[in-house]
> 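Take a look at this one; I'll ask things after.
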Amino acid sequence: MSYKMILVDSTEPVGLITLNRPEALNALNGELMNEMTQALRGFEADENIRAVVITGSPKAFAAGADIKEMQDMNYVEAYMKDFITANWEEATRCRKPIIAAVAGYALGGGCELAMMCDFIIAADTAKFGQPEIKLGVIPGAGGTQRLTRFVGKSKAMEMVLTGRMMDAEEAERSGLVSRVVPADDLVDEALKTARKIADLSLPSVMIAKESVNKAYETTLQEGVMFERRVFHSLFATEDQKEGMAAFAEKRTAKFKHK
Ligand SMILES: CC(C)(O)CC(=O)SCCNC(=O)CCNC(=O)[C@H](O)C(C)(C)COP(=O)(O)OP(=O)(O)OC[C@H]1O[C@@H](n2cnc3c(N)ncnc32)[C@H](O)[C@@H]1OP(=O)(O)O
């Protein structure tokens, strides 16, 4: 598979996708999103890959959807294409863990893409925002919903209504990013974290991801019951036996992902 707008690399067990459209600050056009969808599907299908990192450039993770591509679109076209959702949500369909490693601008669709990943590690240069209101529209790839869940109504409302950007320190304080690292270390840190996850038992990692995501979609009682049932199911894996035996024998577990 050849890609023009992203770079795809993998050093098992981690897959790396680097958005690579520097002339437009990684603005997310249809072609780039199609390529990313293909790459994510490839990693999802590859049994040697157990975690994925998506990153951009030092200046921009992504400056949003491609404004020039959509500026002349009319309502019927947007509706008929189901514009934005059609090829934008692959990250949310992946069952393997995905880390967004964000440096520079993550605006509009860039911020939305980062929020579709399982967690965000930010460089100290990162700037997050939903500036669509300044273009006469609103976020269309989940920004009003996901940002509100991350940072709460007041901050999300201010950012969506004014287009104000949030720096990395504020993003960490508000719960949008899991941690902030020096820009020069961003990709290494994200890959190191991805490798740490990939060394764990893949079934339990995938089930943990599913369980945390359930918290967004259900009542507390149903979520807790879901967690208990999938927790029970992990006692059927060889990795549970290995993980607990390794603890008892004071050695490092060697998981087989089954
Ligand atoms: C997904 C939805 C539905 O939620 C919708 C969206 O995502 S709408 C897009 C939201 N994003 C924005 O509004 C950000 C737009 N970009 C900027 O405000 C600025 O580029 C900046 C503040 C990020 C950086 O400014 P600066 O350093 O001055 O660089 P520029 O000269 O502006 O940009 C360089 C180059 O990139 C092109 N560019 C930047 N962003 C986009 C974009 N979103 N779409 C298309 N092209 C973009 C910009 O036009 C420049 O290229 P040239 O015009 O010089 O060829």
Side-chain angles (χ1 to χ4, degrees), residues 3-7 17-37 40 54-94 98 100-117 120 122-151 153 155-171 176-177 183 186:
Y3 299 100
K4 288 200 310 213
M5 301 211 169
I6 60 173
L7 303 172
I17 296 174
T18 306
L19 309 182
N20 187 34
R21 205 187 161 206
E23 72 287 359
L25 302 183
N26 292 330
L28 304 166
N29 64 6
E31 195 175 342
L32 189 154
M33 294 311 288
N34 280 336
E35 290 185 4
M36 188 156 58
T37 298
L40 285 171
I54 301 179
T55 195
S57 70
K59 179 151 188 200
F61 176 72
D66 190 318
I67 299 167
K68 294 166 193 168
E69 189 182 63
M70 68 182 153
Q71 65 179 351
D72 295 326
M73 191 179 292
N74 62 39
Y75 168 73
V76 173
E77 238 181 295
Y79 177 79
M80 295 306 280
K81 282 188 188 162
D82 201 9
F83 179 54
I84 273 334
T85 57
N87 62 356
W88 272 65
E89 295 197 320
E90 196 57 29
T92 67
R93 285 188 277 268
C94 287
I98 308 180
V102 174
Y105 296 111
L107 301 180
C111 185
E112 290 168 309
L113 172 63
M115 291 190 292
M116 286 179 211
C117 298
I120 303 171
D124 48 14
T125 56
K127 284 189 167 55
F128 298 87
Q130 296 291 162
E132 291 88 342
I133 203 78
K134 295 183 184 171
L135 300 169
V137 291
I138 66 165
T144 61
Q145 305 305 299
R146 290 197 177 93
L147 187 64
T148 307
R149 283 165 165 83
F150 277 108
V151 306
K153 178 182 167 186
K155 213 174 259 291
M157 199 62 104
E158 189 204 340
M159 288 177 71
V160 169
L161 294 187
T162 67
R164 175 175 84 78
M165 290 185 217
M166 197 188 252
D167 67 16
E169 193 269 320
E170 185 181 2
L176 178 58
V177 310
L186 176 69

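Counting convention: from 1, in listed order, for ligands and their atoms alike.
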> Measure from the side-chain N and O atoms of Asn20 to the backbone N and O of Leu7, and report whether any donor-acceptor pair falls under 3.5 Å.
no
> Could you list, one pair per line, each nitrogen or oxygen of ligand 1 together with any protein nitrogen or oxygen closer than 3.5 Å, giving atom names and the distance rounded to 0.1 Å?
{"from": "ligand 1", "atom 1": "4 (O)", "to": "Glu112", "atom 2": "OE1", "distance (Å)": "2.8"}
{"from": "ligand 1", "atom 1": "4 (O)", "to": "Glu132", "atom 2": "OE2", "distance (Å)": "2.6"}
{"from": "ligand 1", "atom 1": "4 (O)", "to": "Gly140", "atom 2": "N", "distance (Å)": "3.1"}
{"from": "ligand 1", "atom 1": "7 (O)", "to": "Ala65", "atom 2": "N", "distance (Å)": "2.8"}
{"from": "ligand 1", "atom 1": "7 (O)", "to": "Gly109", "atom 2": "N", "distance (Å)": "2.8"}
{"from": "ligand 1", "atom 1": "11 (N)", "to": "Ala63", "atom 2": "O", "distance (Å)": "2.9"}
{"from": "ligand 1", "atom 1": "27 (O)", "to": "Lys59", "atom 2": "NZ", "distance (Å)": "2.8"}
{"from": "ligand 1", "atom 1": "43 (N)", "to": "Ala63", "atom 2": "O", "distance (Å)": "3.0"}
{"from": "ligand 1", "atom 1": "43 (N)", "to": "Ala65", "atom 2": "O", "distance (Å)": "3.0"}
{"from": "ligand 1", "atom 1": "44 (N)", "to": "Ile67", "atom 2": "N", "distance (Å)": "2.9"}
{"from": "ligand 1", "atom 1": "49 (O)", "to": "Lys68", "atom 2": "NZ", "distance (Å)": "2.9"}
{"from": "ligand 1", "atom 1": "53 (O)", "to": "Lys68", "atom 2": "NZ", "distance (Å)": "2.8"}

> Among pairs that include at least one residue of residues 123-132, which meet side chain to side chain donor-acceptor pair (under 3.5 Å), considering only residues two or more places apart or in two chains?
Gln130-Glu132
> State whether the side chain of Glu112 and the backbone N or O of Pro139 hold a donor-acceptor pair below 3.5 Å, judged by distance alone.
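Not a single qualifying donor-acceptor pair exists.
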> Going by the rule salt bridge (charged side-chain N to carboxylate O under 4.0 Å, His left out), which residues pair with Lys153 if we only count those two or more places apart in sequence or in a different chain?
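Here no residue qualifies.
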> Only one of Met33, Arg21, Met36 passes side chain to side chain contact (heavy atoms under 4.5 Å, CB included) with Met5; say which it is.
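Result: among Met33, Arg21, Met36, Arg21 is the only option passing the side chain to side chain contact (heavy atoms under 4.5 Å, CB included) with Met5.
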> According to salt bridge (charged side-chain N to carboxylate O under 4.0 Å, His left out), who are the partners of Arg164, at least two apart in sequence or on a separate chain?
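Glu158, Glu170.
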